Number of protein chains: 2
Amino acid sequence: MFFSKSCEYALKATMYLAKQGDNKRVGIKVIARDLNLPADYLNKVLQILVKHKLVLSSKGRYGGFYLTKNELNKSLLKIVKAIDGKDIFNRCGMGIENCSGEKPCPLHNDIKAYRDNILFVLSNKSVASTTSQINNGVTFLSKKVQM
Amino acid sequence: MFFSKSCEYALKATMYLAKQGDNKRVGIKVIARDLNLPADYLNKVLQILVKHKLVLSSKGRYGGFYLTKNELNKSLLKIVKAIDGKDIFNRCGMGIENCSGEKPCPLHNDIKAYRDNILFVLSNKSVASTTSQINNGVTFLSKKVQM
DNA sequence: ATTAAAATATGATATTTATCATCTTCATTT
DNA sequence: AAATGAAGATGATAAATATCATATTTTAAT
Ligand code: FES
Ligand code: FES
């Protein structure tokens with residue numbers, strides 16, 4: 001509805017890693033199983049995040065993906081931008097060439113408000129900030145599996 | 001970013017027809033040229049709207065697509081739902097199975113409020129209501145072509 | 001050193017969405 | 001009635017996205 005599937009997966013996975021806590025390495029199969037997502041595809045997505053240094057990884061036995069304080073403090077917006085690109089927040093909702101206040105489409109004001117709000121939320125919310133509500137059972141990363 | 005391309009085209013085309021006024025028939029080639037959209041594809045999209053009785057059409061010479069008072073008064077939401085389906089406003093932004101207050105994802109509260117706002121706007125705004133601002137040069141349906 | 005278990009890189013396939021093209025049907029003008 | 005110009009129906013192709021699969025590299029335990 002707003003993000004690509006890849007981006008949804010990326011958000012879920014980083015929030016999942018945040019929930020595991022500082023420096024805890026988790027292999028792709030476990031992540032995929034817990035979030036019930038396609039493992040190989042999720043793998044590809046996570047590798048993009050690794051390249052952007054939003055997630056860390058170590059190879060070999062007992063390796064896996066993980067976050068440290070540094071990554072935990074990054075904004076969710078960085079995840080989104082890494083996967084869906086920098087300008088999904090500049091696109092016109094009606095597909096006009098580019099969204100501007102100058103030559104706006106008929107839905108510009110309404111769409112922009114929505115878009116800017118999401119942008120604001122994502123840029124202010126850190127990866128780590130999502131953990132406590134998940135742990136308290138207030139919010140969820142999947143409905144099928146209880147974690 | 002929110003709507004499919006088909007849906008963007010549908011919105012543009014109906015707003016375009018509204019601007020032409022009551023009962024004015026316009027052929028697909030003209031619409032497509034003025035909005036600079038792919039004609040055959042737009043044709044397909046418009047045929048869906050015709051099936052949903054959101055746009056009228058007549059065949060044969062001097063035929064074309066058009067709106068009457070009846071269609072002009074319908075909400076933009078109907079256009080959106082006809083093309084992108086009834087439940088794009090119920091989908092979780094993070095891809096959780098379904099969006100509910102019961103088992104919300106970590107972004108639910110932030111996403112839902114504004115999503116509901118778009119829903120509200122679209123359900124209250126009629127096709128006709130977009131015309132005057134377009135005619136006054138306040139809003140636009142395309143940047144390339146002046147209409 | 002060997003081995004095992006993990007990420008990484010890369011490519012193949014499938015699915016969805018968008019686009020192109022062609023033929024049919026219908027209404028209007030002549 | 002014939003011809004024309006439009007929508008309607010349908011299918012083929014292309015492009016983008018998502019998924020599956022496999023071989024390679026790296027790390028760490030033994
Ligand atoms: S111009 Fe359409 S959303 Fe800004
Ligand atoms: S549960 Fe995710 S947006 Fe409502």
Side-chain angles (χ1 to χ4, degrees), chain A residues 1-14 17 20 23-33 35-67 71 80 82-85 88 91 94-95, chain B residues 1-14 17 20 23-33 35-67 71 80 82-85 88 91 94-95:
Chain A
M1 193 214 35
F2 199 98
F3 307 129
S4 68
K5 267 190 177 184
S6 296
C7 188
E8 292 176 354
Y9 295 175
L11 287 169
K12 284 183 184 176
T14 46
L17 288 173
Q20 312 311 309
N23 262 292
K24 175 71 187 302
R25 282 152 176 75
V26 190
I28 192 66
K29 283 182 211 146
V30 174
I31 304 174
R33 187 238 300 146
L35 296 173
N36 68 297
L37 300 177
D40 290 339
Y41 187 58
L42 183 60
N43 207 336
K44 257 184 182 170
V45 172
L46 281 182
Q47 279 167 34
I48 297 172
L49 296 182
V50 169
K51 283 227 180 72
H52 283 78
K53 299 184 200 288
L54 299 171
V55 167
L56 301 181
S57 66
S58 67
K59 287 183 172 182
R61 180 181 267 179
Y62 300 98
F65 296 98
Y66 64 104
L67 305 176
E71 290 74 46
V80 171
I83 304 295
D84 278 350
I88 64 163
R91 270 209 75 233
M94 280 184 61
Chain B
M1 188 217 36
F2 200 98
F3 306 128
S4 69
K5 266 189 177 185
S6 295
C7 187
E8 293 176 353
Y9 295 175
L11 287 169
K12 283 183 184 176
T14 45
L17 289 173
Q20 311 312 309
N23 262 291
K24 174 70 187 302
R25 282 152 175 75
V26 189
I28 191 66
K29 282 181 211 147
V30 175
I31 304 174
R33 188 237 300 145
L35 296 173
N36 68 296
L37 299 178
D40 291 338
Y41 187 59
L42 182 60
N43 207 337
K44 256 184 183 168
V45 172
L46 282 182
Q47 279 167 32
I48 297 172
L49 296 183
V50 169
K51 281 226 181 72
H52 283 78
K53 297 185 202 287
L54 299 171
V55 167
L56 301 182
S57 66
S58 67
K59 287 185 174 181
R61 181 180 268 179
Y62 299 96
F65 295 98
Y66 64 105
L67 306 176
E71 290 75 46
V80 171
I83 304 295
D84 279 350
I88 65 162
R91 273 209 73 232
M94 279 183 60

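Keep in mind that the numbers below use all heavy atoms, side chains included, and drop hydrogens, waters and symmetry copies. None of these values were measured; they are calculated from a predicted model. Convention: sequence-line order gives letters A, B, ...; per-chain numbering from 1.
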Requested in this report: Calculate the interatomic distance between A:Phe3 atom CZ and D:dA18 atom C1'; express it in whole Å.
Outcome: 18 Å
**Report entry** Heavy-atom donor-acceptor pair, A:Asn43 side chain to A:Ile28 backbone, under 3.5 Å
**Finding:** no
Query raised in the report: Is there side-chain contact between A:Leu11 and A:Val80, with at least one heavy-atom pair below 4.5 Å?
Result: yes
**Report entry** B:Val45 vs B:Leu37 side-chain heavy atoms within contact, under 4.5 Å
**Finding:** no
Query raised in the report: How would you label the contact of A:Tyr66 with the nucleic acid (heavy atoms, under 4.0 Å): base, sugar-phosphate, or nothing?
Result: nothing
Requested in this report: Measure the distance from CD1 on B:Ile48 to C1' on D:dA7 and round it to the nearest whole Å.
Outcome: 14 Å
Query raised in the report: Distance check: side-chain N/O of A:Tyr9 vs OP1/OP2 of D:dA18, anything under 4.0 Å?
Result: no
Polar atom pairs between nucleotides 10-17 of chain C and protein, under 3.5 Å, N or O only, would you list them?
unit_1 : atom_1 : unit_2  : atom_2 : d
C:dG11 : O6     : A:Lys44 : NZ     : 2.3

Query raised in the report: Whole Å only: how far is the CG atom of B:Leu42 from the P atom of C:dA18?
Result: 13 Å
Report task. List for me each residue that meets side chain to side chain contact (heavy atoms under 4.5 Å, CB included) alongside B:Ser57, sequence neighbours excluded, and say none if there are none. Result -> B:Val50, B:Phe65
Report task. Check ring pair (Phe, Tyr, Trp, His ring centres under 6.0 Å) between A:Tyr62 and all other residues, then give those that pass, not counting sequence neighbours. Result -> none
Requested in this report: Quick one: list whatever passes ring pair (Phe, Tyr, Trp, His ring centres under 6.0 Å) with B:Tyr9, sequence neighbours left out.
Outcome: B:Tyr41
Report summary line: Sequence neighbours excluded, the answer for side chain to side chain contact (heavy atoms under 4.5 Å, CB included) partners of B:Leu56 is B:Tyr66, B:Thr68, B:Glu71
Query raised in the report: How close or far is atom P of C:dT19 from atom CG of B:Asn36, stated in whole angstroms?
Result: 12 Å
Requested in this report: For B:Ile28, answer base if it contacts any base atom (sugar-phosphate contacts may also be present), sugar-phosphate if it contacts only those atoms, and nothing otherwise; contact means non-hydrogen atoms under 4.0 Å.
Outcome: sugar-phosphate
**Report entry** Under 3.5 Å: donor-acceptor pair, side chain of B:Asn23, backbone of B:Leu67
**Finding:** no
Report task. Would you mind telling me which residue lines up with the more 5' stretch of DNA chain C, A:Phe65 or B:Arg25, judged by nearest nucleotide? Result -> A:Phe65
Can you check nucleotides 24-26 of chain C for protein contacts, nitrogen or oxygen pairs under 3.5 Å, and list what you find?
unit_1 : atom_1 : unit_2  : atom_2 : d
C:dT25 : O2     : B:Lys59 : NZ     : 3.3
C:dC26 : O4'    : B:Lys59 : NZ     : 3.3

Requested in this report: Measure the distance from NZ on B:Lys51 to C1' on D:dA9 and round it to the nearest whole Å.
Outcome: 8 Å
**Report entry** Steps toward side-chain contact (heavy atoms from CB on, under 4.5 Å) verdict (A:Lys44, A:Asp40)
**Finding:** CA-CA 7 Å; A:Lys44 257 184 182 170; A:Asp40 290 339; over 6 Å; no
Requested in this report: Specify the separation, in whole Å, of atom CG of B:Leu56 and atom C1' of D:dG8.
Outcome: 15 Å
Requested in this report: Rounded to the nearest 0.5 Å, what's the gap from CG on A:Leu17 to CD on A:Gln20? Could you check?
Outcome: 7.0 Å
Report summary line: Walking DNA chain C from its 5' end, the first of A:Val50 and B:Asp40 to be reached, judged by nearest nucleotide, is A:Val50
Query raised in the report: Distance check: side-chain N/O of A:Tyr62 vs OP1/OP2 of C:dA4, anything under 4.0 Å?
Result: no
Query raised in the report: When the distance from CG of B:Asn43 to P of C:dT22 is rounded to whole Å, what number comes out?
Result: 15 Å
Report summary line: Ranking D:dT19, C:dT8, D:dC20 by distance to the side chain of A:Ser57, first place goes to C:dT8
Query raised in the report: C:dT19 P sits how many Å from B:Leu37 CG, rounded?
Result: 9 Å
Query raised in the report: With a 4.0 Å cut-off on heavy atoms, is B:Val26 in touch with a base, just the backbone sugar-phosphate, or nothing at all?
Result: sugar-phosphate
